[in-house]
Amino acid sequence: MTAEHVSPSKLLRPLSPLDGWQAAFDALPNVVAVTEIAFMAQLNLRVDPSGPAAGAVAKVLGSALPTQPCSSTRSGEYQLLWLGPDEWLILAPEGAGPELETALREAIGGEPGAVTDVSAQRTTLALSGCASRELLAKGCSIDLHPKVSPMGTCVQTLVAQTGIIIVARDETASDFLLVVRASFAQYFAAWLIDAGVELTGAC
Amino acid sequence: MTRLTTGGLIDRTTVLSFSFDGRPYAGHPGDTLASALLANGVHRVATSVNRGRPRGIMAAGVEEASALVQLEAPFPEPMLSATTIELYEGLVARGLPGRGKLADRPDPARYDAIHAHCDVLVVGAGPAGLMAALTAARAGSRVVLVDEQPMVGGSLLGTRGELSDWTATVLAELTSTPEVLVLSRTTAFGYYDDGFVLALQKRTDHLGAAAPDNAARQRIWRLRAKQVILATGAHERPVVFADNDRPGVMLAQAGRTYLNRYGVLAGNRILVFTTNDSAYVAAVELAEAGAEVTVVDPRTDLAPFWAAECARVGIAVRPGHMVTGTTGEERVTGVHLAAYPSGGASATVHCDLLLVSGGWNPTVHLFSQARGKLEYDAELGAFLPVAGLPGAGVVGVRVTGAAAGTVSLAGCLAGGAAEAVAALRDLGVAAQPVAPPPVGTDRVERAGLVLWTVPVEISLDGSDLSDTRFVDLQRDATVGDVLRAAGAGLRSVEHVKRYTTIGTAHDQGKTSGLIASGIMADALGVDMAALGTTTYRPPYASVSFAALAGRDRGAIFDPVRVTAIHSWHIEHGAQFEDVGQWKRPLCYPRRTAFGGLEDLPAAVARETRAARTGVAMLDASTLGKINVQGVDAGEFLDRIYTNIISTLKPGFVRYAVMCGMDGMILDDGTVMRVSDTEFVLTTTTGNAAKVLDWLEEFAQTEWPDLRVHLTSVTEQWATIPVVGPLSRQVIAAVAPALDVSNEAFGFMTWRSAEIAGIEARICRISFSGELAYEVNVPSWYGIAVWQAVFDAGQPYGITPYGTETMHVLRAEKGYPIIGQDTDGTVTPQDLGMSWVVSKKKLDFVGKRSFSRAENLRPDRKHLVGLLPVDRSVLLAEGAQVIADPDVSQLPVVMLGHVTSSYRSVALGGTFGLALVRSGRDRIGERLFAWQDGEVVPVMVTGPVLYDEEGARRDG
Amino acid sequence: MQLISCPWCGPREEAEYHYGGQAHVAYPHDVGAMSDADWADYLFFRDNPRGPFAERWVHAAGCRRWFNAVRDTGTHEVLAVYRIGEPQPELGTQASR
């Protein structure tokens, strides 16, 4: 091989943390469905929710930031996840990160706050199906019953031995978004698949 | 055969074959191993642990203290009670002499755990528990009902089908009510804090080899309840007399249960020895089933109802008498009787089954585990829960039914409903108690006689073996053992338990513990109430380690963290090492000319040579990375790090050290300034989470006024150091737009550059002393950029290297690894790094501690280099460093220890780093490392052994 | 598994938290002016009562917020939790959320 072989292609293929795992997810019993939503833009946002920057940020996002602990809001293509009293994770479509980061930083201006691109820090999984709650209950101590964790609930907790963000996306506990750190993603995927071994055809 | 032709809850239409001690037998679904053995006339099932005495079946449930067996098929499992094993086709078991044998092959079964939440948890599905669960279910609450048996009913299962229609109706209603979960074959074995109850569900044990492969055999339920109702019933206790351990000596209620539930008449000539009325019903039912029954009761005033019943069915009653001993070997053949309490007028009667009842012990284990208070009830001769928990915790724990000392069925039914109403009221739910089913008149009307052991003097010949009055059958512990404990001066039941081992076997003294206390109290002449009980601790019943481990085994035993480039390392034959939870390539062994693989030293020699003379690349993505933003970010970092950070300009990088308040090094890394208000700092791989917590603690609690925000970006960035004199050419090839000249891109600066269209941050930092570029890209592109660098480096022979080579390179340069060359007692000054400690800053974390007298001592341990005199000897990391090679003179004065040790191609031999007392004052001295029983002479040097003048970093 | 109430997220299992030692021990203002003895006292000495004790905890696996808790060291019961900057609640008032 010589140096000529190195073509500075603009087309380097990104690889998600769970690249190659979908076939294993597809083999799960049909009471659950797991799909990696790769390459979502993710921005960590820090801002004082009662300060002037919060309003400017809300304009960019098209919605006020959720201030209820352990909740989330949808705003168009954005999902705004409460992570702390002055901290949110903004989920946006693939590729939307750089522009949104710039817009949010401009909105904050000189006010206290921070915007950090963490798109590749974590990956997201969609977990759906009538056995979703049972599957998570095998490793999660949070009560995900819809009465306790209604749609929009967003909790940071542990599932098995990894930290995770769980977002409830419906009122029947059968649609969750799971956000997990990239280095733990393969462990978590293996754990999910193993947890699904026992699930049968019916809920 | 002793199986009756009708009756019981067994399915006679199906025959199950099983074997015990090598002999084939048959039983039915619904049997336990114990009931099936008794149905086949097998009474002797085990041998006692110390004295080798024949032992039989003494109970019909989890309190069994005698019939210990080992399952052999489908999978070996030792130390199980025959009374708790549901029979299945193909079961192979053998009786145990007190000890079993663990399997020597992996258990193929699956085990798992699951969390469940409820408003009301009811433990026990007897009459009280069913009423409680039904009341809570009808109120619309989330209810979990757990019961150890395969069917609900509790004590009713041992009756002649009493309330069986009602229990079936209740079960049907509960299982069809949303938000109600009924868990059978599930034993709540531990109460922990805040309504947290662990329960073991045996899910497929009863299926034997037919158990599906994908189903967890056993499951740990992690139940979190707002209210807990314990309807755990009571265990009958025996009375102790001589030779009370023979097969065929059984608790009275067990005899009744075998008759009514399993259709087994366990004897034909039955003697019932009871101190209370509860055993009379067993006597009458057994007589009606065809047995010849005699009742022996130490009380003289018989209840008129039971006297009449006994007369009706032809039972001879011997009031005012007691059992003093038994005869028989493999099975009881006769009983010695005597007048109570005098012991006179002794006689022997023949029998083949001796049923005993000394009263009932409420099952208060879980309540006691919940720190519930127990009080001695002299009338019942048992400890009862005192209503209400001390400290009035948030979670209500209530006890009802026989567990609360309620004797009558009507009382249990009413009590269960009432406790559920009370629990719901505490949850703010108004509920009505469900109406109990009609029941007959209760016939246990009088308190029994509390009798722990029959009052007969037995002349001991001084040896333990002459005493056959067994208190704990599992432990072969006798009345004499308890009295010896008292004689030895022990006064606490806890001490007596340890001295005698009573209550420490797998049954945990369910039938023996209280008796031991009673004997002790009598011997010492103290009140039982004052003596108290031993502490009840989880688990209530045996739980296998396999169940506790659950799915945390094999590949998912512990998280394996991998970098974005991990698959490349695998494809290229990397040998991995664990660094915390991370998998990191240790080295990349190549095929040798002889077809084998390089060993570690050969691979490391090749990799280090490439880094020092050509170009090499490392996956350093595991480094912790923290994004720090805000107008006060510089000020914040100035307070955290020992050196000044705020003066760093955007585009520059600084090495920095942070200490604890005590001045000891906590971590080190680089700080990259992105803009006036943004930094990215790195931490060591193992300290990433700890450092972020540490920084957050200061930001949130000490200096909340500082406008600074911290975000972990460890996995956001893949980090690829490209190292060696030829690294500049490689970087130039992958980032053609970047001016890589030393003038344009100097040491300790960073630049943004495109690599194949990917925005990268490239830092000129070096952990090897060589010219090096650290390429950082979003981790999605980690593997693509790694491959691009690898491809671009091919003309230069680029060599991927692992952590071992990284260590050799950094150690040759004297760069310490925090946590390896330091241990939390080492200051920057100890490492010879005073240059990293600012003299200008007014304060920073740890500064004040540097002037503590202890930290100014001249004889502190310093980091130095060690060169073995024989450069082929590899020092042992951890070896003590001593000055005097004569180790026969004790104590040997130890100066420190070897912290790092490697073979070095560049240095032409082995070398090490060490922490040595006054080490910098000893440079040039000859010291010794003590390893493998030998003294190894070493020369002390400065820590930097390679390129001390730093000529290589710019290429 | 004990539950501890995060002032933000509510009750969570204790495994989600890390312990941070005694609360309300502020970093001294002028450490340079402190004697060795005073500095050592700050550095190494903490109260160790049996009974209520104000402590720092962080909801490490959750919102990452540090907070204060009054815990009875004899029973482990958490009597109150309160956010950083809030005063320690009067004991016995059960200010726990």
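We use all heavy atoms of the structure for the numbers below, so side chains are in, but hydrogens, waters and symmetry mates are not. In what follows, chains carry the letters A, B, and so on, assigned in the order in which the sequence lines appear, proteins first and then strands, with residues in each chain numbered from 1.
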Any side-chain heavy-atom pair of [X] and [Y] under 4.5 Å:
| X | Y | value |
| --- | --- | --- |
| B/Trp780 | A/Leu15 | no |
| A/Glu198 | B/Arg203 | yes |
| A/Phe184 | B/Gln581 | yes |
| B/Gln787 | A/Leu12 | no |
| A/Val148 | B/Arg142 | yes |
| A/Gln161 | B/Asp552 | yes |
| B/Val560 | A/Tyr187 | no |

Below 4.5 Å from any heavy atom of chain A, which atoms of [X] appear? Answer side chain, backbone, both or neither.
| X | answer |
| --- | --- |
| B/Trp717 | neither |
| B/Thr714 | both |
| B/Thr711 | side chain |
| B/Phe557 | backbone |
| B/Asp558 | both |
| B/Val713 | both |
| B/Arg561 | both |
| B/Val785 | both |
| B/Ser712 | both |
| B/Leu706 | neither |

### Query
Listed by residue number, which members of residues 114-124 of chain A have a heavy atom under 4.5 Å from any heavy atom of chain B?
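So far as heavy atoms go, A/Ala114, A/Val115, A/Thr116, A/Asp117, A/Val118, A/Ser119, A/Ala120, A/Gln121 are the residues that approach chain B to under 4.5 Å.
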More than 12 heavy atoms from other groups under 6.0 Å of [atom1] on [X]:
| X | atom1 | answer |
| --- | --- | --- |
| A/Glu77 | CD | no |
| B/Glu179 | CD | yes |
| B/Asp213 | CG | no |

Side chain, backbone, both or neither: which part of [X] has an atom under 4.5 Å from a heavy atom of chain B?
| X | answer |
| --- | --- |
| A/Ala185 | neither |
| A/Ile142 | backbone |
| A/Asp143 | both |
| A/Phe188 | neither |
| A/Glu134 | both |

Winner by heavy-atom pair count (cut-off under 4.5 Å) against chain A, out of [options]:
| options | result |
| --- | --- |
| B/Gly630, B/Pro559, B/Ala113 | B/Pro559 |
| B/Ile114, B/Asp112, B/Thr677 | B/Ile114 |
| B/Ala718, B/Ala735, B/Ala784 | B/Ala784 |

### Any residue meeting side-chain hydrogen bond (donor to acceptor under 3.5 Å, both in side chains) with A/Ser72, in chain and number order, not counting sequence neighbours
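Expected list: none.
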Pairwise distance [atom1]([X]) to [atom2]([Y]) - rounded to 0.5 angstrom:
| X | Y | atom1 | atom2 | result |
| --- | --- | --- | --- | --- |
| B/Arg707 | A/Asp48 | CZ | CG | 12.0 Å |
| B/His117 | A/Ser149 | NE2 | OG | 8.5 Å |
| B/Arg551 | A/Lys138 | CZ | NZ | 6.0 Å |

### Task
Check the pair A/Arg105 / B/Glu678 against side chain to side chain contact (heavy atoms under 4.5 Å, CB included), numbers first and verdict last.
CA-CA 12 Å; A/Arg105 286 189 177 214; B/Glu678 184 173 1; 2.8 Å; yes
### Query
Looking at A/Cys140, A/Ser16, A/Ala182, which one has more heavy-atom pairs under 4.5 Å with chain B than the rest?
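Among the listed options, the one with the most contacts to chain B is A/Cys140.
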### Task
Would you mind telling me which of A/Ala190, A/Pro112, A/Ser141, A/Gly139 has the largest number of heavy-atom pairs within less than 4.5 Å of chain B?
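Most pairs with chain B among the choices: A/Ser141.
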### Task
Answer with yes or no whether the side chains of A/Gln186 and B/His566 bring together a donor and an acceptor at under 3.5 Å.
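Looking only at side-chain atoms, A/Gln186 and B/His566 do not form any donor-acceptor pair under 3.5 Å.
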